[in-house]
Protein chains: 2
Amino acid sequence: MDRRTQVRFQARAQVFKALGHPTRLFMVDELSRGERCVCDLTEMVGADMSTVSKHLAVLKNAGIVRDEKRGNQVFYSLQLPCVVGFFECVETVLAEQAKRQLALSR
Amino acid sequence: MDRRTQVRFQARAQVFKALGHPTRLFMVDELSRGERCVCDLTEMVGADMSTVSKHLAVLKNAGIVRDEKRGNQVFYSLQLPCVVGFFECVETVLAEQAKRQLALSR
DNA sequence: CAAGTCCTTGGCTATTATGCCAAACGACCA
DNA sequence: TGGTCGTTTGGCATAATAGCCAAGGACTTG
């Protein structure tokens, strides 16, 4: 893997990495239903607001969400609608896993 | 986010996390063109074979690839063809990022 | 201006991931 | 049976991540 290839896949991997956390995935799922302010997400997630804010920064940095400040609060929205299409595939993965584990247990 | 939701997104996140590493992404991309033995991948990646083996274990554990031992060597192949569909979306993300950065630099 | 709300950043600690080396393992060959 | 090849696993050092608290910045409201 040469340097150029390394860089290319590094950039791609960043997107997946950003999605590779339960809380962030949850938030993306939530944002797929419309924009939310940090306070909303914080309440839904049930973690410290600073934690949520940092997770959102990761998603924003990966180009998955975007933010918009309006008055006192900051609203995040999904910038990459196609991301939601991933989830369907992932469900397939999980279904396959479940099937395999069932087969093992018999 | 209640316990059940947490678990659900935890499982999903594992799939994304597995894809969230340059080397693993590179290997998945390579495997999308056909099965490869560990030795092949090791040479392409240019890391220690033990490192490559562990990366493959992560992918296998996430249900993305599967392995088959034939004689002396182990061949890995893509179990989740739809994963490749992700990449197209990710390209969109990266293109958007590039556009944004270009806009910023002006 | 003062005080309150909403959010981000810095700092710290605990946990997890990464990558190499060395050792173990299983299949094949002499 | 001993040796080699391809692969995995254990162990360790180093780096990256996650989450909380505390502090700071930006707006809004009194």
Side-chain angles (χ1 to χ4, degrees), chain A residues 1-3 5-7 9-28 30-31 35-62 64-77, chain B residues 1-3 5-7 9-28 30-31 35-62 64-77:
Chain A
M1 199 159 53
D2 64 7
R3 185 75 191 132
T5 310
Q6 169 73 26
V7 170
F9 281 95
Q10 177 82 43
R12 291 183 182 195
Q14 202 193 359
V15 177
F16 288 109
K17 198 151 86 174
L19 294 169
H21 190 284
T23 300
R24 290 197 290 264
L25 214 46
F26 173 82
M27 295 195 296
V28 168
E30 186 56 34
L31 291 177
E35 65 170 24
R36 301 279 185 273
C37 68
V38 180
C39 50
D40 284 345
L41 292 169
T42 297
E43 196 183 343
M44 289 186 234
V45 168
D48 195 275
M49 185 181 271
S50 67
T51 300
V52 171
S53 178
K54 279 177 184 174
H55 279 311
L56 286 168
V58 171
L59 289 171
K60 181 183 166 189
N61 206 266
I64 296 167
V65 304
R66 100 192 106 171
D67 62 340
E68 186 189 339
K69 185 158 193 169
R70 285 207 300 277
N72 212 2
Q73 37 196 15
V74 178
F75 291 88
Y76 280 82
S77 56
Chain B
M1 197 160 51
D2 64 8
R3 184 74 191 134
T5 310
Q6 169 74 25
V7 170
F9 281 95
Q10 176 83 43
R12 290 184 184 196
Q14 203 195 357
V15 177
F16 288 109
K17 199 152 84 173
L19 293 170
H21 189 285
T23 300
R24 292 196 290 265
L25 214 45
F26 173 81
M27 295 195 295
V28 168
E30 186 57 34
L31 291 177
E35 65 171 25
R36 301 279 186 273
C37 67
V38 181
C39 50
D40 283 345
L41 292 170
T42 297
E43 196 183 343
M44 288 186 232
V45 168
D48 196 275
M49 186 181 271
S50 68
T51 299
V52 171
S53 179
K54 278 176 183 171
H55 278 310
L56 286 167
V58 171
L59 289 171
K60 181 185 166 187
N61 206 267
I64 297 166
V65 303
R66 99 192 106 174
D67 62 341
E68 187 189 337
K69 185 158 194 171
R70 284 207 301 275
N72 213 1
Q73 38 196 16
V74 178
F75 290 88
Y76 281 82
S77 56

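Everything numeric here is computed off the predicted structure, so don't read it as measured data. We name chains A, B, ... by the order of the sequence lines, and we start the count at 1 in each one.
Comparing D:dA16, D:dG19, C:dG19 against the side chain of A:His55 picks out D:dG19 as the nearest. Distance from the side chain of B:Gln73 is smallest for D:dT7 among the nucleotides C:dT8, D:dT7, C:dC6. Listed nucleotides C:dC7, D:dT8, D:dG6 differ in distance to B:Cys39; the shortest reach to its side chain belongs to D:dG6. Listed nucleotides C:dC20, C:dT18, C:dT9 differ in distance to B:Lys54; the shortest reach to its side chain belongs to C:dC20.
In this structure, B:Arg70 pairs ionically with B:Glu68, as a charged nitrogen and a carboxylate oxygen lie closer than 4.0 Å.
The distance from atom NZ of A:Lys17 to atom CG of A:Leu19, rounded to the nearest 0.5 Å, is 12.5 Å.
Counting to the nearest Å, the P atom of D:dA16 and the NZ atom of B:Lys17 are 17 Å from each other. Distance B:Asp67 CG to C:dG26 P: 15 Å, rounded to the nearest Å. Remark: P of C:dC6 and CG of A:Leu41 are 14 Å apart, rounded to the nearest angstrom. Distance B:Leu59 CG to C:dA17 P: 14 Å, rounded to the nearest Å. Regarding B:Asp40, its CG atom lies at a distance of 8 Å from the P atom of D:dT7, rounded to whole Å. What separates CG of A:Asp48 from P of C:dT9 is a distance of 15 Å, to the nearest Å. Rounded to whole Å, atom P of D:dA23 lies 18 Å from atom CE of A:Met49. A:Met1 has its CE atom 13 Å from the P atom of C:dT18, to the nearest Å.
Between the side chain of B:Lys69 and the base of D:dG6 there is no donor-acceptor pair of N/O atoms closer than 3.5 Å. A donor-acceptor contact under 3.5 Å links the side chain of A:Asn72 to the base of C:dT5. One can find a donor-acceptor pair under 3.5 Å joining the base of C:dC21 and the side-chain atoms of B:Ser50.
Heavy-atom distances to DNA chain D give each of B:Leu56 and A:Thr51 a nearest nucleotide, and the one nearer the 5′ end belongs to B:Leu56.
Ring planes of B:Phe9 and A:Phe26: perpendicular class, angle over 60° (limits at 30 and 60°).
A distance-only check finds a donor-acceptor pair linking the side chain of B:Thr42 to the backbone of B:Val38 [under 3.5 Å].
Contact annotation: A:His21 reaches the phosphate of D:dG19 (side-chain N/O to OP1 or OP2, under 4.0 Å).
Using a 4.0 Å heavy-atom distance criterion, B:Ala47 is classed as a sugar-phosphate-only contact. Using a 4.0 Å heavy-atom criterion, one finds that B:Arg24 contacts the sugar-phosphate atoms exclusively. Looking at heavy-atom distances under 4.0 Å, A:Tyr76 makes contact with sugar-phosphate atoms alone, never a base.
The minimum heavy-atom distance linking A:Ala62 with A:Val15 is given by the pair O-CG2, 4.0 Å.
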